Amino acid sequence: MCRVLGCVVHGEYKVPGGKLVVVDVEVDGGRLADVRLSGDFFLEPDEALESINAALVGAAVDADGAELAARVRGGLPADARLVGFSAESVAVAVRRALTRASGWADHRWRLIHDGPQSPLMHMALDQVLAEEVGAGRREPTLRFWEWAAPSVIIGSFQSVRNEVDMAAARRLGVEVVRRITGGGAMFVEPGNTVTYSLYAPASLVAGMSTAESYAFLDDWVLGVLGDLGLNVWYQPINDIASDGGKIGGAAQKRLRDGAVLHHVTMSYSIDVAKMGQILRVGGEKLSDKGVASAVKRVDPLARQTGLDREVVIDRLAEGFRSRFGLTGGAVTEEELARAERLVESKFATPEWFARVP
């Protein structure tokens with residue numbers, strides 16, 4: 001954290017679906033002594049820019065986003081119009097400057113798209129690869145998953161009995177596993193989803209709340225889907241939505257060793273009958289969705305794009321590469337061995353699976 005006299009820091013924040021907000025901040029005695037806001041946003045009247053800068057002077061370097069945003073709003077003229085950004089996005093940019101956050105392009109990203117793995121191995125690989133990035137032994141990585149078997153993946157804090165009809169799962173040959181991130185249950189079959197994980201250093205989302213980081217980390221995929229002709233948007237807190245319904249959902253975990261795991265599963269096609277037999281979807285979960293069943297909420301990519309699944313994945317990888325850079329990679333033998341041990345010691349154990357019965 002920048003606290004000393006004359007310390008000057010720079011922060012940037014691309015508003016999801018909006019504009020770039022940039023701040024240069026000088027600190028004196030633990031407080032903001034000078035702030036210079038810039039970006040490709042729109043702001044009226046012109047004088048409002050200096051009003052924002054002045055409003056932030058004097059704020060403590062450890063002020064949270066809510067306090068900084070309140071300062072911005074309080075300093076704005078009554079007739080101010082902010083287009084493509086907000087008081088909250090200015091606060092995020094300031095926090096990112098003060099915490100010396102990194103940007104996407106500050107990292108060398110690796111791509112993993114290996115062959116199919118079992119559901120349990122995918123759970124373990126997510127933890128291992130995130131820990132490797134956090135320890136600095138692996139560069140930040142984008143991994144696309146291939147499934148060796150159908151599965152239901154429940155969130156870290158979900159109840160097995162409340163979410164899954166285990167008798168139906170066994171009868172239909174669907175393996176049920178628990179992941180390390182929160183969120184809701186996912187139903188996947190080989191070839192029917194597009195699932196990927198991002199393993200990144202915590203600096204990439206420094207200065208953001210968890211909710212803010214969901215939108216930030218999903219923004220690139222929304223851009224690629226938009227390039228494919230889809231009208232898509234981020235639906236707080238963790239959904240990717242479209243005109244036809246939900247495409248997918250994200251889950252995230254910030255590890256103690258300084259890594260962020262963020263993964264997304266998007267429906268490519270879906271066996272609605274099988275999903276309906278296995279997943280238990282209660283009325284309370286649906287009460288704020290305005291529909292009678294979870295099936296109606298999903299609009300798969302196959303229907304929306306008309307593209308083969310492999311083409312969709314290639315377009316996503318190329319879209320990431322064109323924005324941030326991306327070079328090929330693979331899971332190492334050491335990482336694979338660690339994941340195999342973790343399956344035996346954690347993910348395949350009754351203690352982990354039934355941690356919430």
Side-chain angles (χ1 to χ4, degrees), residues 1-4 7-27 30-39 56 59-72 85-110 129-142 181-182 197-221 234 236-238 250-264 320 323-325:
M1 178 74 73
C2 178
R3 293 180 179 274
V4 299
C7 174
V8 179
V9 289
H10 176 87
E12 298 185 3
Y13 177 58
K14 167 64 169 62
V15 179
K19 296 298 184 177
L20 179 66
V21 179
V22 181
V23 294
D24 292 280
V25 180
E26 182 174 351
V27 171
R31 295 192 173 273
L32 280 58
D34 185 55
V35 179
R36 294 288 121 191
L37 173 67
S38 60
L56 290 167
V61 295
D62 55 1
D64 63 17
E67 179 181 338
L68 294 171
R71 279 179 169 265
V72 171
F85 79 120
S86 63
E88 286 74 19
S89 61
V90 174
V92 172
V94 171
R95 292 296 307 153
R96 285 178 64 76
L98 293 169
T99 56
R100 301 182 185 272
S102 61
W104 292 96
D106 294 327
H107 304 286
R108 185 180 179 187
W109 290 89
R110 293 288 187 180
L129 295 177
E131 289 174 348
E132 290 296 294
V133 169
R137 293 186 293 267
R138 162 174 284 279
E139 291 175 311
T141 297
L142 167 65
T181 59
S197 291
L198 287 168
Y199 311 100
S203 62
L204 184 64
V205 294
M208 300 182 199
S209 67
T210 299
E212 289 164 342
S213 69
Y214 270 92
F216 176 77
L217 293 174
D218 284 343
D219 195 49
W220 71 273
V221 78
Y234 167 72
I237 181 177
N238 64 333
Q252 186 183 121
K253 185 175 182 63
R254 301 191 184 190
L255 280 69
R256 291 187 183 133
D257 63 2
V260 175
L261 162 62
H262 182 89
H263 51 202
V264 170
F320 191 99
R323 288 163 170 80
F324 314 125

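Throughout, residue positions are numbered sequentially from 1 according to the sequence presented. Every value quoted in this text rests on a predicted model; they were computed, and no experiment measured them.
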Which heavy atom of [X] sits nearest a heavy atom of [Y], and at what distance?
| X | Y | answer |
| --- | --- | --- |
| Arg31 | Ala60 | NH1-N, 3.4 Å |
| Leu142 | Phe320 | CD2-CG, 3.9 Å |
| Ser213 | Met208 | CA-SD, 3.8 Å |
| Pro140 | Pro201 | CG-CD, 3.6 Å |
| Leu261 | Ala130 | CB-CB, 4.2 Å |
| Val23 | Ala93 | CG2-O, 3.4 Å |

With side chains defined as the heavy atoms from C-beta onward, is the minimum distance between [X] and [Y] less than 4.5 Å?
| X | Y | answer |
| --- | --- | --- |
| Tyr13 | Val22 | no |
| Leu68 | Glu88 | no |
| Asp219 | Tyr234 | no |
| Leu32 | Glu26 | no |

Centroid-centroid distance, His262 to Tyr199, less than 6.0 Å |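 No, the ring centres sit 6.0 Å or more apart.
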Apply the test ring-ring contact (aromatic ring centres under 6.0 Å, His included) to residues Phe324 and Trp220: give CA-CA distance (whole Å), side-chain angles for both, the deciding distance (0.1 Å), then the verdict.
-> CA-CA 10 Å; Phe324 314 125; Trp220 71 273; 7.1 Å; no
Testing Leu20, Val94, Val21 for side-chain contact (heavy atoms from CB on, under 4.5 Å) with Ser89, which one passes?
-> Val21
Sole residue of Val133, Leu217, Leu255 in side-chain contact (heavy atoms from CB on, under 4.5 Å) with Val260 = Leu217
Could you grab the distance from atom CZ of Arg256 to atom CD of Glu131, nearest 0.5 Å is fine?
-> 11.0 Å
Which distance, rounded to the nearest 0.5 Å, do you find between the CD of Glu139 and the CZ of Arg110?
->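 Rounded to the nearest 0.5 Å, the CD-CZ separation comes to 4.5 Å.
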Decide whether a cation-pi geometry holds between Arg96 and Phe216; the criteria are a distance under 6.0 Å from NZ or CZ to the six-membered ring centre and an angle within 45° of the ring axis.
->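 Judged by the rule, Arg96 and Phe216 form a cation-pi pair.
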Could I get the full list of side-chain hydrogen bond (donor to acceptor under 3.5 Å, both in side chains) partners for Thr141, not counting sequence neighbours?
-> Arg138
Only counting residues at least two apart or in another chain, list the ones meeting side chain to side chain contact (heavy atoms under 4.5 Å, CB included) with Ser102.
->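 Partners of Ser102 under the side chain to side chain contact (heavy atoms under 4.5 Å, CB included) test: Asp106, His107, Ser203, Leu204.
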Has the side chain of [X] got a donor or acceptor atom that lies under 3.5 Å from a matching backbone atom of [Y]?
| X | Y | answer |
| --- | --- | --- |
| Asn238 | Ala250 | yes |
| Arg323 | Trp104 | no |
| Asp24 | Val8 | no |

With no hydrogens and no angle check, do the side chains of Thr210 and Gln252 hold a donor and an acceptor under 3.5 Å apart?
-> no
